[in-house]
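Read through the structure below, which is laid out as structure tokens, and then see the notes.
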Amino acid sequence: MRILLTGADGQLGRLIQLAVSDSDDLTCTTLTGSPSHPDCLALDLQQTGSITALLNRIQPELIINAAAYTAVDRAESEPAMAHAINADAVACLAQWCAEQNARLIHYSTDYVFDGKSSRAYLETDLPAPGSVYGHSKLAAEQRIETSGCRALIFRTAWVYANVGQNFLNTMLRLAAERPEISVVDDQFGLPTWAGSLATLSLAASRKWLQTEPDSAARIYHLSARGEPISWHRFAQTIFEIAASSNLLKQTPIVHSISTAEYPTAAARPAQSALVNDRFELEFDMIVPHWRDQLSQCLSQRSTLVDPLTY
Ligand SMILES: NC(=O)c1ccc[n+]([C@@H]2O[C@H](COP(=O)([O-])OP(=O)(O)OC[C@H]3O[C@@H](n4cnc5c(N)ncnc54)[C@H](OP(=O)(O)O)[C@@H]3O)[C@@H](O)[C@H]2O)c1
């Protein structure tokens with residue numbers, strides 16, 4: 001199958017490259033391409049003309065959109081750019097898929113919700129984003145739906161990997177620098193390893209590709225199993241598993257602080273766990289527990305296989 005992957009150098013994009021089958025004809029794209037990987041093409045999602053030109057040239061049967069404007073706080077002061085990359089570019093991909101009878105895999109976020117629910121979110125819950133980023137990602141979902149293209153939209157949350165800017169890497173860096181750190185203890189969610197997300201979403205996509213879906217776009221929540229945890233608990237567990245795997249020189253003391261003590265430009269949902277039942281039921285797959293996902297991610301830390309080296 002001819003597949004075009006956007007955001008191939010992002011957290012998720014790197015792990016999708018590893019999860020794609022060898023028999024697939026994969027074209028990777030990043031914002032600027034890669035001098036060390038001439039096969040990796042440059043595609044700036046802000047340039048909708050370039051998107052259409054590239055799609056017409058490659059003629060993918062499946063587009064996997066792992067690219068996004070993910071700077072949640074910066075988006076508050078760059079709403080036009082966030083919207084262009086997260087919504088307008090996605091609308092362009094979806095429109096092309098609808099016209100060419102291709103299919104689209106897209107990733108969305110827990111930030112489409114306001115985080116005020118007392119329970120984990122279902123796909124049927126009403127979105128109410130509280131940030132520019134959340135609004136731009138919700139707009140993408142809606143524009144995929146109105147395009148009429150056949151698409152799977154996986155809403156995920158709290159994504160981390162061994163490569164990239166994320167909570168896991170920040171915690172391990174801080175542990176090497178400081179004996180004590182403070183972490184927010186009143187925001188709850190389910191941390192998702194990009195490796196699990198890549199593997200599960202591609203396995204589900206393979207099943208979906210073998211069917212002729214009656215509805216155009218389907219939304220699935222896809223994060224991790226287990227009781228929602230706070231960032232504080234996640235930090236403690238990172239240090240516990242990293243220490244037992246000899247990945248830490250010292251284990252810092254983790255102090256608990258509130259969201260009010262750690263102000264950010266964009267509002268964070270206080271409770272943003274996602275229920276994965278629809279995904280598990282319809283694709284007959286079990287989503288691993290957040291702790292198992294973290295253990296598996298850390299177990300690969302010393303033997304990193306990074307498909308794109310920049
Ligand atoms: N990270 C999370 O916690 C989280 C949570 C929920 C949902 N998600 C969603 O999951 C998906 C994957 O996220 P991720 O964590 O893998 O994000 P990531 O690591 O930030 O990767 C995003 C990729 O998009 C690329 N990109 C940004 N602007 C672009 C543009 N104009 N043209 C082309 N590429 C561009 C980035 O390139 P540069 O690095 O060169 O800018 C980067 O490679 C996204 O849809 C995101 O919204 C993420």
Side-chain angles (χ1 to χ4, degrees), residues 2-13 16 27-32 41-72 74-75 78-113 123 127 129 131-157 159 194 197-198 201-202 204-205 208-209 213 215-222 266 274:
R2 267 189 321 284
I3 302 175
L4 183 125
L5 171 65
T6 67
D9 56 349
Q11 300 191 77
L12 178 62
I16 284 176
T27 301
C28 289
T29 70
T30 66
L31 178 56
T32 54
L41 306 178
L43 178 63
D44 182 352
L45 290 177
Q46 285 192 83
Q47 310 293 328
T48 45
S50 311
I51 299 175
T52 310
L54 185 70
L55 295 177
N56 286 337
R57 183 152 67 84
I58 304 286
Q59 291 287 320
E61 296 156 276
L62 175 69
I63 298 172
I64 305 177
N65 182 32
Y69 180 108
T70 54
V72 172
R74 208 168 65 226
E78 292 181 344
M81 193 189 287
H83 201 85
I85 297 167
N86 287 351
D88 296 343
V90 178
C92 182
L93 296 174
Q95 194 56 44
W96 191 89
C97 286
E99 286 164 8
Q100 304 293 326
N101 204 23
R103 298 207 198 184
L104 175 65
I105 306 294
H106 178 73
Y107 297 87
S108 192
T109 173
D110 52 334
Y111 278 64
V112 299
F113 297 114
E123 290 85 349
S131 63
V132 167
Y133 170 74
H135 275 285
S136 69
K137 296 291 290 185
L138 178 61
E141 293 183 1
Q142 292 165 340
R143 293 178 75 174
I144 291 172
E145 281 166 342
T146 53
S147 77
C149 85
R150 291 175 297 167
L152 294 184
I153 301 171
F154 296 109
R155 280 191 195 139
T156 190
V159 177
L197 178 60
S201 61
L202 285 202
S205 304
W208 170 72
L209 286 162
S215 65
R218 289 284 286 166
I219 295 180
Y220 294 91
H221 288 179
L222 180 52
L274 305 172

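Residue numbers run from 1 in the order of the sequence given.
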Residue list, salt bridge (charged side-chain N to carboxylate O under 4.0 Å, His left out) with E61, at least two apart or on another chain: R2
Could you tabulate the donor-acceptor pairs under 3.5 Å formed by side-chain atoms of residues 47-55, not counting sequence neighbours?
{"unit_1": "T52", "atom_1": "OG1", "unit_2": "T48", "atom_2": "O", "d": "3.2"}

Where at least one partner belongs to residues 45-59, residue pairs that pass salt bridge (Lys or Arg N to Asp or Glu O under 4.0 Å), sequence neighbours excluded: none
Side chain to side chain donor-acceptor pair (under 3.5 Å) against Y111, all qualifying residues, sequence neighbours excluded: R268
Contacts of H221 that satisfy ring pair (Phe, Tyr, Trp, His ring centres under 6.0 Å) - sequence neighbours left out: F113
E99: partners by side chain to side chain contact (heavy atoms under 4.5 Å, CB included), with sequence neighbours left out: Q95
Sequence neighbours excluded, every pair satisfying salt bridge (Lys or Arg N to Asp or Glu O under 4.0 Å) that has a member inside residues 78-91: R74-E78, D88-R143
Under 3.5 Å donor-acceptor, R150 side chain and N101 backbone: yes
Reported CD-to-CD1 distance for the pair Q142 and I153, which is rounded to 0.5 angstrom: 9.5 Å
Residues which pass side chain to side chain donor-acceptor pair (under 3.5 Å) with S201, listed by chain and number, not counting sequence neighbours: Y107
Those residues that, when tested against N86, pass side chain to side chain donor-acceptor pair (under 3.5 Å) (two or more places apart): S136
Side chain to side chain contact (heavy atoms under 4.5 Å, CB included) partners for A139, two or more places apart: H83, A87
Salt bridge (charged side-chain N to carboxylate O under 4.0 Å, His left out) partners for E123, two or more places apart: none
Non-neighbouring partners of T6 that pass side chain to side chain donor-acceptor pair (under 3.5 Å), sequence neighbours left out: N65
